[in-house]
Amino acid sequence: MKIVQTNDGQLLYLTSYQQAVALKAQQCLLFCPQCHQLLTICTTKKHGFYFAHQHTSTYYCNETQQHRSGKQLLLNWCQQAGISALSEKWVCNHTQRADILLPQQNIILELQCSPLSKTALSQRTQAYTQHHYRVIWLLGQRYRLNKNYLTSQQRQFLNYQQHYGFYLLFLHVQQQQLCCYHHLRQSDWGKLQYQQQVIPFKQLFKIMPCQSVTRHHNNLHELLRQTQKCQRALHYRSSQIQKYQLACYRHGYDLTCVPLLCHETNLLPPLFAQPLLFTNIMMVLWLKQHQQITLQTFYTHYQRSVTVNTPLLSPSTIKQITRQCARQLLHRLYQTSCITSNKQWLVINQNILHKQWFPNLESKLIAIKKHKEV
């Protein structure tokens, strides 16, 4: 490619190697006339020269039909609602190109139909935020929900609002519908649950993320289900479970015989990359290496033990959720007298903690049937 569009809209044609070197030295912004993506000037040792699309950009010339149709649908809805809207507008000092910009509201609508890494999602969202834009991410067909679980690609678009709980927004182009999948939650290491609602276009702007997190109800059947699932995973030698079985072996325990206090029987926000059962197991094994710790040390280690890949959620929200889960584990440790308080210290009662482990799977199943409350 040897034709380029300058920042002021003029077309420029490269005719010589010297011209390319001089233009490269100016470090000015250059764009593709076809897709308006940022370009860079490339030169070779044999005095060759050409323009190339920047590899760091997330925009491509081969835009899908679904993406084009979706943007046009959003523009039509904006027009019907009397909202000024611009498509493919460069913002953030020409470093980001917004799918739909609503200049009067300082809102950007992004329709995501292709794969997007967590790093790229974070960078784009932060760039919009730093330039005082609010971005609303709408997901296309490739992100459609599986009824059993969230993929890592879906999970990274999770957001939270008090009225809707954890939610994902979808634009169903063919049906010409905006759909909110809200109150997403799942039992630990279990199936996804959610509610679905078609929303009017104007209601889209009322879904504002907030910080508070609600608690969910207990489900006592989870103890048996999680224990049986763990047994099956070990039988089929799941790669996910082998490292946790090895960690238990190193302390003289078996993974199927973990204490009941390690199980989460609440419905949880669907943002953890691994079941909290495994996080709690590793926390209990970590406690066996200490006689006493501070409360802050407990919370800090728990925070480091969980994996959360949700860049649209604020760090304070993620910290609040993980702190709440850590408090629930700590509460169960207090209830069973595995931990007691001594001024600023948490004293670990190693003998009691050891006795929480079951000698075999059969004794654990019997205890679960007698169990009424974790």
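Sequential numbering from 1 along the given sequence is applied to the chain's residues. Every heavy atom of this structure was used, including side-chain atoms; hydrogens, water molecules and symmetry mates were not.
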Could you grab the distance from atom CD of Q292 to atom OG1 of T297, nearest 0.5 Å is fine? 10.5 Å

Does F157 reach the side chain of Y143, with side-chain heavy atoms less than 4.5 Å apart? yes

Assess whether atom NZ of K288 is packed by more than 12 heavy atoms of other residues, nucleotides or ligands within 6.0 Å. yes

Applying the side chain to side chain contact (heavy atoms under 4.5 Å, CB included) test to H263, which of N280, L224, D188, V258 qualifies? V258

Going by the angle between their ring planes, with limits at 30° and 60°, are H290 and W286 parallel, tilted or perpendicular? tilted

Might you work through the salt bridge (Lys or Arg N to Asp or Glu O under 4.0 Å) test for E264 and R332, ending with a clear yes or no? CA-CA 10 Å; E264 291 291 344; R332 296 194 293 271; 2.9 Å; yes

If I take atom CZ from residue F170 and atom CD from residue Q196, how far apart are they, to the nearest 0.5 angstrom? 9.5 Å

I want to check a possible cation-pi pair here: R323 against Y299, using under 6.0 Å from ring centre and within 45° of the ring axis as the test. yes

Ignoring hydrogens and geometry beyond distance, is a side-chain donor-acceptor pair present between Y334 and S341 at under 3.5 Å? yes

Going by the angle between their ring planes, with limits at 30° and 60°, are Y181 and Y194 parallel, tilted or perpendicular? perpendicular

Expected output: side-chain H67 to main-chain L111 donor-acceptor under 3.5 Å: yes

Could you measure the distance from the CD1 atom of I107 to the CD1 atom of I136? Nearest 0.5 Å is fine. 5.0 Å

Mind checking the OH-SG spacing from Y164 to C180? Nearest 0.5 Å is all I need. 5.5 Å

Would you say Q154's side chain and R144's backbone share a donor-acceptor pair under 3.5 angstrom? yes

